[in-house]
Amino acid sequence: MRIRKTATSRRKLLKIAGASALAGMIANRAAAAVRGKVVVIGGGFGGATVAKYLKLHAPDLEVALVERTKEFATCPFSNTVIGGLNELDFITHGYGGLRAAGVEILHDSVVDIDDGRAKIRLAGGEALAYDRLVVSPGIDFKWNAIEGYDESAAERMPHAWSAGSQTALLRRQLEAMEDGGLVVVSVPENPFRCPPGPYERASLIANYLKKTKPRSKVLILDSKDGFSKQRLFEEGWERLYPGMIEWVGFSDGGNVVEVEPKQMIVRTDFEEFRPDVANIVPPQRSALLLDTAGLAEGGDWCRVNQRTFASAVAPNIHVLGDACLAGSMPKSGFSANSQAKACARAIVSHFQGESPPEPALINTCYSLLSESYGISVAAVYRLDKDNQIASIPGASGTSPPNAPAEYRSLEADYARGWYASITAEMFG
Amino acid sequence: MLGPKTLLATVPAICLLAAASAEESGFSVMPEMCAGCHGQGGLSPGPIPSLAHLDAEAVLSLLESFREGEIEATVMNRIARGLTDAEIASLATYFGSLEE
């Protein structure tokens with residue numbers, strides 16, 4: 001069914017909707033007069049999106065984006081690379097599209113944020129001045145929070161929780177493993193980046209092993225007693241990979257406390273495992289760079305104004321994505337993308353001398369259990385009476401349990417569709 | 001229980017999201033919130049339906065149907081329940097105005 005546009009029905013709708021008043025409200029006000037300099041740190045889901053939309057809303061705004069890597073590998077869909085469904089190239093994107101949109105791209109590292117002087121300093125020696133700074137640098141790992149798990153341990157026991165070389169390393173280890181091998185996936189306590197991610201990963205590893213090394217097993221050692229979309233994952237595992245995936249929660253001894261990478265030993269509070277492949281997802285915090293401006297206030301994450309994403313301690317700096325505390329929104333690429341759009345509107349409003357709009361935000365997290373089996377959790381968020389971002393009751397939830405195969409297959413297609421759309425939006 | 005037939009009926013599904021508080025701001029809705037799935041400018045590069053070809057009346061009708069559960073979709077029933085009448089009308093007008 002394709003419903004084509006007709007002039008008649010458009011006129012009719014305008015009448016229904018209250019005609020020109022509404023049409024006027026939703027039109028992007030051309031913000032040609034908006035001038036100022038915005039610097040964005042981080043070219044991921046938050047940073048790339050905010051840079052893109054700032055230029056769309058206010059073409060005369062100067063927007064510079066600082067990103068370490070010339071090509072960005074996305075964490076979303078990195079599990080499909082680990083599971084052998086896609087190559088690393090598929091999740092790797094350049095910045096040509098943003099450059100064409102008028103964003104100045106600087107490939108460098110930021111060493112200091114000096115909000116007093118409204119400048120950031122780059123590793124290359126350059127200083128960049130800003131009127132507004134947007135920081136979307138993601139996470140850093142808490143090395144040694146699991147005893148023995150430091151950066152060098154990650155070369156033997158990959159986290160693969162930032163995409164790229166770690167993703168490729170974990171894939172190579174799975175390819176090299178003999179049939180009958182044991183893969184351990186360890187999961188940290190909340191909050192962490194991409195709550196359903198470890199369980200999607202276990203699923204797609206099992207999907208690969210089932211085809212190539214069917215006597216192998218995946219053991220999930222979890223620091224929690226429950227997890228995102230748990231009922232749906234467990235239903236899918238039973239249906240697709242019976243007996244292949246075992247989940248051990250915190251109370252049953254799933255909490256990993258120590259590793260010995262050379263001996264390939266993983267220890268929980270109660271037991272010791274010797275897996276063939278160990279994927280250790282360590283505890284996380286906001287990127288350490290944020291501490292140079294005190295944005296995490298000595299804690300792990302950054303408090304922000306829930307309408308504008310301006311830092312609670314530095315009103316000219318906005319913090320987006322995994323690094324910020326955004327009410328009940330999960331730390332996901334989709335959340336960061338939504339937050340960036342609200343933030344872009346807020347920054348343009350600021351330069352126009354207007355109040356920021358009240359955002360309605362959205363998050364949909366798809367997880368793939370196989371090529372043709374997808375599940376989702378979706379929610380719409382608004383500010384609650386305490387001005388905190390909260391999901392709207394009744395407008396949130398997961399895919400239904402016991403849905404027919406067609407439903408799961410459609411959600412697998414939509415997962416791929418989401419990835420195509422959001423990466424085209426950010427990088428295209 | 002959802003059958004394949006119902007699902008097929010939802011394939012031209014649409015996903016929309018709006019923001020509130022027109023009085024306080026220059027923007028009443030943020031149609032770009034839909035772009036993460038349905039593509040920038042309502043043009044989806046992948047298997048999620050595009051919106052740019054839909055006229056406003058169709059968008060209005062689909063969103064209301066998703067919200068009331070008259071059409072069973074995947075995520076759109078959940079998302080549409082978060083929208084007010086005014087937001088649905090605004091989004092319909094916006095997407096209806098896009099060029100294919």
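All figures in this text were calculated on a predicted structure; none of them were measured in a lab.
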Contacting region of [X] [heavy-atom separation from chain B under 4.5 Å]:
X	answer
A:Ile422	both
A:Ala342	both
A:Ser399	both
A:Thr423	neither
A:Tyr366	side chain

ask   = Is the number of heavy atoms from other residues, nucleotides or ligands under 6.0 Å of A:Arg231 CZ greater than 12?
value = no

ask   = Under 4.0 Å between a Lys/Arg side-chain N and an Asp/Glu carboxylate O for B:Arg67 and B:Asp85?
value = yes

inquiry  = Regarding A:Arg307 and A:Glu358, does a basic nitrogen lie under 4.0 Å from an acidic carboxylate oxygen?
reply    = yes

ask   = Hey, would you say the A:Phe90 and A:Tyr419 ring centroids sit under 6.0 Å apart?
value = yes

inquiry  = Given 3.5 Å as the limit, does a donor-acceptor pair link the side chain of A:Asn337 with the main chain of A:Phe45, or not?
reply    = no

ask   = If you count heavy-atom pairs under 4.5 Å with chain B, which of A:Ala420, A:Ser396, A:Gly394 comes out on top?
value = A:Gly394

